[in-house]
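A short write-up of the structure that comes next.
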Amino acid sequence: MTQPLFDSAEFRQVCGHFPTGVTAVTAIAADGRVAALTVNSFTSVSLEPAKVLFCVATSSSSFPVLSVAERIAIHILRQDQEDVARRFATSGLTGENKLDGIAWSAGPDGVPLLPDTCAVLAGRTDQVITSGDHVIVLVDVDHVEHKPSSLPALSFYRGRFASPVGPGTVER
Ligand SMILES: Cc1cc2nc3c(=O)[nH]c(=O)nc-3n(C[C@H](O)[C@H](O)[C@H](O)COP(=O)(O)O)c2cc1C
């Protein structure tokens with residue numbers, strides 16, 4: 001591969017021009033270990049069957065749990081849940097530490113579910129594909145929850161939590 005004329009900081013800055021939503025991902029492994037992290041690399045992949053993906057840095061302390069997770073839940077955060085996004089993005093805390101002091105309940109197979117988010121997609125790992133310094137985690141979704149009347153979603157733009165993403169006028 002040709003050596004790029006930019007470094008990873010510039011690459012991150014360039015990718016940051018793409019506004020995203022913000023999700024809180026939780027996962028549980030067969031041995032009961034839990035992971036919790038903030039993720040904006042979430043996207044839907046397939047409608048039938050229902051599949052989504054997100055990417056995780058292999059350097060993340062959540063990676064060992066996510067790579068063997070029994071069950072994964074992706075929560076689309078509301079604009080007033082920036083505190084959860086910041087907490088779940090704190091390095092040096094275990095998944096259990098990150099969940100300490102915030103409201104959650106045990107979902108299917110014990111995966112932690114957060115209440116009152118815009119939407120939840122939960123399921124089992126389909127594939128974990130290594131690509132560079134991240135893995136792509138594909139999830140087969142078998143459980144969804146959503147609140148069409150919820151507050152707008154939290155968004156992230158150019159390295160900052162940004163103005164909320166609210167409903168527009170065009171339906172897709
Ligand atoms: C808005 C936002 C989006 C993020 N998206 C991702 C992501 O898609 N993949 C990832 O690996 N880390 C992402 N991070 C960083 C992780 O949340 C953070 O490194 C991680 O939670 C640190 O804890 P850990 O090492 O215990 O996983 C994001 C952070 C923020 C604030």
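Treat the numbers as computed from the prediction; the structure is a model and nothing was measured. When a ligand or atom number is given, it counts from 1 through the structure's own listing order.
Not close to ligand 1: F54, with no non-hydrogen atom less than 4.0 angstrom away. Residue contacts with ligand 1 include L93, since one or more of its heavy atoms lies under 4.0 Å from the ligand. Within the 4.0 Å heavy-atom shell around ligand 1 one finds K98.
Summary of contacts: the protein heavy atom closest to atom 24 (P) of ligand 1 is S61 OG, 3.1 Å. Nearest non-hydrogen protein atom to atom 8 (O) of ligand 1 is S41 OG, 2.6 Å. Here the heavy atom of the protein found nearest to atom 31 (C) of ligand 1 is A89 CB, 3.8 Å. Residue, atom and distance of the protein heavy atom nearest to atom 4 (C) of ligand 1 are T38 O, 3.4 Å. When hydrogens are left out, the protein atom nearest atom 11 (O) of ligand 1 is A57 N, 2.9 Å; that is the closest non-hydrogen contact. Closest to atom 10 (C) of ligand 1, if we only count protein heavy atoms, is C55 O, 3.7 Å. In this structure, atom 21 (O) of ligand 1 lies nearest to the protein heavy atom F88 O, 2.7 Å.
Between R124 and D140 there is no salt bridge, since no side-chain N of the basic residue sits under 4.0 Å from a carboxylate O of the acidic one. Between D142 and R71 there is a salt bridge, since at least one side-chain N of the basic residue sits less than 4.0 Å from a carboxylate O of the acidic one.
Closest heavy-atom contact between Q81 and D116: NE2-O, 3.1 Å.
Between F42 and F54, the ring centre distance reaches or exceeds 6.0 Å.
Protein heavy atoms are absent from the space less than 4.0 angstrom from atom 19 (O) of ligand 1.
Atoms of ligand 1 lying under 4.0 Å from any heavy atom of V56, numbered from 1 in the order shown and given with element: 11 (O). Residue F156 approaches ligand 1 through these ligand atoms, each under 4.0 Å from one of its heavy atoms: 1 (C). Every atom of ligand 1 with a heavy atom of L37 under 4.0 Å away is listed here by number and element: 21 (O).
Between F11 and F6, the angle of the ring planes stays under 30°, which puts this pair in the parallel group of the 30/60° scheme.
The closest donor-acceptor contact from the side chain of H75 to the backbone of L114 lies under 3.5 Å. Not a single donor-acceptor pair under 3.5 Å links the side chain of S131 to the backbone N or O of H134. Side chain of R87 to main chain of D100: a donor-acceptor pair is present (N/O by atom type, distance under 3.5 Å, no hydrogens or angles).
For E82, the side-chain hydrogen bond (donor to acceptor under 3.5 Å, both in side chains) partners two or more places apart in sequence, or in a different chain, are R86.
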Practice task
Go through T26 and V34 one step at a time and tell me if the side chain to side chain contact (heavy atoms under 4.5 Å, CB included) criterion holds.
Solution key: CA-CA 7 Å; T26 55; V34 162; 5.7 Å; no
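At a heavy-atom distance under 4.0 Å, only backbone atoms of T90 (N, CA, C or O) approach ligand 1.
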